[in-house]
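Below: one structure, written as structure tokens.
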4 protein chains.
Amino acid sequence: MRLNNYSKHYRYTGHFIMNLLNRYKEVREKSQKMVEPLVAEDFMLQPAFFASPPKWNLGHTSWFFEEMILKHFYKNYKVFHSLFGFIFNSYYNSFGDRVGRDQRGDLSRPTVEEVFQYRRYVDKHMIELLGSGNIDPDMKTILDIGINHEQQHQELFFTDLKYAFSLNPLEPAYGENAFCADAEDQAPAMIRMDEGIYGIGFEGEGFCYDNEMGRHKVFLHPYEISNKLVTNGEFIEFMNDGGYRKFEFWHDDALAWLTENKIDKPLYWRKTDDGWEQFTLAGWQAVKPADILTHITYYEAFAFAQWKGMRLPTEFEWEAAAGEFEWGRRWEWTESAYLPYPGYKKPEGAVGEYNGKFMVNQKVLRGASVVTSEGHSRKTYRNFFHPNLGWQFNGIRLAR
Amino acid sequence: MRLNNYSKHYRYTGHFIMNLLNRYKEVREKSQKMVEPLVAEDFMLQPAFFASPPKWNLGHTSWFFEEMILKHFYKNYKVFHSLFGFIFNSYYNSFGDRVGRDQRGDLSRPTVEEVFQYRRYVDKHMIELLGSGNIDPDMKTILDIGINHEQQHQELFFTDLKYAFSLNPLEPAYGENAFCADAEDQAPAMIRMDEGIYGIGFEGEGFCYDNEMGRHKVFLHPYEISNKLVTNGEFIEFMNDGGYRKFEFWHDDALAWLTENKIDKPLYWRKTDDGWEQFTLAGWQAVKPADILTHITYYEAFAFAQWKGMRLPTEFEWEAAAGEFEWGRRWEWTESAYLPYPGYKKPEGAVGEYNGKFMVNQKVLRGASVVTSEGHSRKTYRNFFHPNLGWQFNGIRLAR
Amino acid sequence: MRLNNYSKHYRYTGHFIMNLLNRYKEVREKSQKMVEPLVAEDFMLQPAFFASPPKWNLGHTSWFFEEMILKHFYKNYKVFHSLFGFIFNSYYNSFGDRVGRDQRGDLSRPTVEEVFQYRRYVDKHMIELLGSGNIDPDMKTILDIGINHEQQHQELFFTDLKYAFSLNPLEPAYGENAFCADAEDQAPAMIRMDEGIYGIGFEGEGFCYDNEMGRHKVFLHPYEISNKLVTNGEFIEFMNDGGYRKFEFWHDDALAWLTENKIDKPLYWRKTDDGWEQFTLAGWQAVKPADILTHITYYEAFAFAQWKGMRLPTEFEWEAAAGEFEWGRRWEWTESAYLPYPGYKKPEGAVGEYNGKFMVNQKVLRGASVVTSEGHSRKTYRNFFHPNLGWQFNGIRLAR
Amino acid sequence: MRLNNYSKHYRYTGHFIMNLLNRYKEVREKSQKMVEPLVAEDFMLQPAFFASPPKWNLGHTSWFFEEMILKHFYKNYKVFHSLFGFIFNSYYNSFGDRVGRDQRGDLSRPTVEEVFQYRRYVDKHMIELLGSGNIDPDMKTILDIGINHEQQHQELFFTDLKYAFSLNPLEPAYGENAFCADAEDQAPAMIRMDEGIYGIGFEGEGFCYDNEMGRHKVFLHPYEISNKLVTNGEFIEFMNDGGYRKFEFWHDDALAWLTENKIDKPLYWRKTDDGWEQFTLAGWQAVKPADILTHITYYEAFAFAQWKGMRLPTEFEWEAAAGEFEWGRRWEWTESAYLPYPGYKKPEGAVGEYNGKFMVNQKVLRGASVVTSEGHSRKTYRNFFHPNLGWQFNGIRLAR
């Protein structure tokens, strides 16, 4: 892995550097705190290939710091365990073979306690290194990535656990907080945006990912974008109108997905004699019509928009208008495919695998969700998923 | 099916109207002529779900005219056979149930001769209708679509037959013409394009599809695009350099595709003691290094571009520069996902299923190929396929 | 392939030898005659991996004689086409690679006419060889196998064609004969069989397969076996009683099969406003309650017997009692797994692949069916299929 | 569930009745003791659909006593948890819906500790009931089944855990005991058995399963059976001779299995520079040539026997000769399909699902293995598995 070019690709400033040690500690403690309500058995759960066991998430984020920083910048660093690289590598082909993504739940060892020991070992060395004052510029960049990376896995922790708990007939709850998003108060309105050339992509100081870089111009035709997200109640109307069965609102690939998986309602919803209920991190709860809809796939978001006679915004339209509406409680599907910005060049080495290799077959989401760490997202942040996945806290904002 | 809005969506002019009858006859005769070298057994071939038997293609294109024109505009029209709608409907959900796409090869009846009778019956009525002078404006639009539609199936006839013949150990040939594209003579050069706002999409007179409409502005940053297509020889270099095994050039989804299908060379290629050979419509032939490469998937095109340190053009870059280079022998992969243009609104009814419902998970190709009917394509024409398909005559043009 | 041991494994006598030439001609002509009602397109049909196109059946049976006899016993024989061995080998691993079983329908060439030429070429040489009087004992054995082999493929021709035609919305018919089996006239009765040692397996003169050889003793406890086969009407009662939904009558593997394939009625049956109909070689016809039930899988046969409070006979019980009832219109499922008889030793070489390698996971059927060639079967004949297949003319005889 | 007929189907005597309470306690304590070396995470492991998590095994065996005994014979019994029946039902259709077999590993709750509480609750009531002296004859029968049932799951605990640990790159060990079977000392010899009528099936006193009942006569022809099991060394010879690649030794279904799963060595074996190693419950160890071979599928056992010019014994041959050789360290594959004995009638109700519904597509194994509870097996005991499974301690005894 060549490291010397990172500083070109990831931007940071004095303000961030000074706080690195504190930010490191904070994010690491949060991961530890998040798993406190769990029992040892919960740490093993992997109910689908796209979800990871909590234990793996904890090990993987520590491995990232060990592999990317300690092995390079901590003199004579001795790895905690020679096989943890194999076990906790997620998808970095640069590091060779790894445990299959769908087999992470098959490993009972290392135990949770051993993973905690691993975390403490990595933290001890990281804090020592950061406290030494001898900080390489490249290392700072990677550290920033590592911190953001761990925040992403904190988000995944919540969404994966929710998915796993939803399948358990005992209906376990993570806690009191259902992580629902209450109704938005503002009166519904369409925000009008003028045609013109807009600047898109990250600029200024602070951290951003490589996929946001390459500030560039995009010409936008006049458009309108809603100041509110779609609510549960609006989606129930769509269902009551037979939306799931009207082929004309759906993509061809979506129809195949509907049929194969017998989809006729959102993930986590069930109909009872008392009406619609949804599974939450606080257990099953009634669906409140005024609350913001979530756990929607792109396929469903698109069909809903068609039914409304509207459409999803592009990621450029979203970014250009993001100052005009509130966002941050839902990842919002856009019509844009996840593609490189003009001039995008993926960094060399392992960090180059972070974003670039996913730039096909996926859709861009913008915003942030109720389980995103504070400060992790920004207007230019680009999230991405395959169009059939809805286990994230995804929502819909309409445009036309 | 409501027909009254078509004329808003599809554009045509007097010049085209006058020639409609001649163009109708011409395209219908060409379909008939194309299949002359076949034996009855060949008409049944469906070697993969994405390929259709020649017999089905012949029936389907006739059904299109019967269903879309004769049933609406020919007074008291009596359908040739009440079940042919079920058998020869391709994917139009508006018309209800249909034979599964992968079961078209399971039907020995109607026979080839009966399909020819069907064609003659449809032609007789169409010619009568067109000759009557009583031509509804909507009908003219649909007729234009029908003619273009049949041209598309003529192209598919060649690509599907090539695929089927390639699997036969007897190595049958369709004829003398290998439909290879000879070397391009011009000296290789990169065409420089300035930054600025470009107009994209169809304008002017003549036929175009709904997906080209909505002429709009796109801001392009400065870029360069090659005046030549990638050759067989260049791709052999990529292979010799281990290109298929170097993960860093490939998308994550592409790596899964490579592994699952054990791909390590282009479709139709095989290595013999005498070097690389490729299957053609004239049988197996030596691969000539200077000839233009073809039958490449998007995944391969992308990886090749990465290896070259370049990239594929976007469809907008391609269209803006299309006057500067020769095109027409290969469908050229672009980096663009197949998405609606700003303001795109799919036509109501069955014609609305032509393009809109495929606008997810596919990539745009521009140009035309050696088996495209003359005059069928144009600078603004948008073809599209899933990124793992290579049985069309696809090629690569690089940009940076 | 070593041939010299065949005569030990397959038995024949003077009576059969004398008639070999006539029998050869007769069976070959019958194959030719059977396909007369077909159009060229029908010869390509392969609607499921377990069915073969009529064209392939015709080629395969000729290849058997060419490969097993002409190449060994006809001096300086020149094969008709060097690739036909590859194309028309069914499953004989001894002869190396072959076209995949599910790809036989993907080959339009050789054409039907070329396959007829192949048949004539093989026949010419075979008749010459047989007429020469110079007949090797081993050759006679193989010839007998070849004749029986072709009779088996004649049976498959009917069952495979029926399966293919049943999927065609045009409901084609092979001819006037529905090949249904009319009601059996005799009064229903249970035939009582005493306990004791019975001789099982072929003895005496005439042809038999290797799997029938090894005449041996089996001790049978007292049992009763029905003198009649189960009728359509009886099976309708089973269905009306919810038989397909009562888990207690079904094997565990059968329940998985029912669920996965959504089975709730026999193959070829459909319910109309006028009651049950079944697809036949003469088209769709009303199900007559008194007629003999057919196209039943072992799973269904077993469940039906459970529901009746009875069971299927073992193949030994069937053989011991076969003189006491009429048989020959249905292949009858037995409870016996297809296993080697004591002392079974498969012949060396290709002929050894005929039976032995299928002796796992399959069930024995006894009898013969309405499409079996006259004289092909006998009391000791052992047919075998996987328990989930019902496209043969299978039926049920009960025991207790 | 009707219980009143059990005593007809399962046999027991005074000797067993007196000891029931002690035997109950003993088997329950053993289950508890067996899991002591595990950490909580290990209890979640389900690496394949056919393996169950240790936690599930513990819950399921308790549920059996609760469902089959306490709910019927303990007056006013209150179930521990209303959903545990749903969670811990294995495959008894009589009790309605249940957690899918492959989803047992997806449930982190109930926790291991809660399952232990469940066990203690069930034990408390069972001991009270058994101590009361008021013992219904039917209950005794079911209790005997329950005890044997728990012994079967103790065996599965070891085999499933071994399978799960074998996939972990950390190579965890359960303990010091590798559960290998040392070399057999006796000189190799073939035991000759005379032809004649043999009595097969259980007789006398003590417990047996329904599938062993129906003592009946079987005529056996003269045969020989080995006094020793096949060793690792003999199987290595088979491999060195290319046994896995010689089609003539394998069934047709076996060849498909070999190809699809790329099998070329026994489960748990790997080749290192130092020779063959196998995974054991004590970690990876060198394969000792003189030790008894194990973890062999039926497909492999059959191919090996073919290669040796011998065959596997039938289950009848095995039982008739079982007094003449030592057995008990390997489950031994037989050539017999798992079928009902003459006169077999499955018990009514849930107990009837224990054996009968598996009597298709499986092969009989005889004997016992190193992880079978002492006294659990007997000469007439019939174990059964699908022919492609080798995760039990299966071995090979040859016959001819």
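Source: prediction; values computed, not measured. So that the names make sense, note that chain A is the first sequence line, chain B the second, and so on, each numbered from 1.
For B:F302, no part lies under 4.5 angstrom from a heavy atom of chain A. For B:H221, the part lying near chain A is the side chain, with the backbone staying farther off; criterion is any non-hydrogen pair under 4.5 Å. In this structure, chain B has no heavy atom under 4.5 Å from any part of A:Q362. In this structure, no portion of B:Y338 lies under 4.5 Å from any heavy atom of chain A. Using a 4.5 Å cut-off between heavy atoms, B:Q306 touches chain A through its side chain atoms alone.
Taking B:A256 as the reference, nothing meets the side-chain contact (heavy atoms from CB on, under 4.5 Å) condition, with sequence neighbours excluded.
Ring geometry for B:Y298 against B:H251 counts as parallel: the plane angle stays under 30°, on a 0 to 90° scale with 60° as the upper cut.
Counting heavy-atom pairs under 4.5 Å between each of B:V360, B:L220, B:T314 and chain A puts B:V360 at the top. Of the listed residues (A:Y223, A:F247, A:F249), the greatest number of heavy-atom pairs within a distance under 4.5 Å of chain B belongs to A:F247. Heavy-atom pairs under 4.5 Å with chain A were tallied for B:V218, B:L255, B:I197; the largest tally goes to B:I197.
Neither side chain, B:Y344 nor B:N211, offers a donor N or O lying under 3.5 Å from an acceptor on the other. Remark: the A:E317 side chain and the A:Y198 side chain contain no N/O donor-acceptor pair separated by less than 3.5 Å.
By the 4.0 Å N-to-carboxylate-O rule, A:R382 lies too far from A:E212 to be salt-bridged with it.
For the salt bridge (charged side-chain N to carboxylate O under 4.0 Å, His left out) condition, the pairs that include at least one residue of residues 334-344 of chain A, sequence neighbours left out, are A:E335-A:K363.
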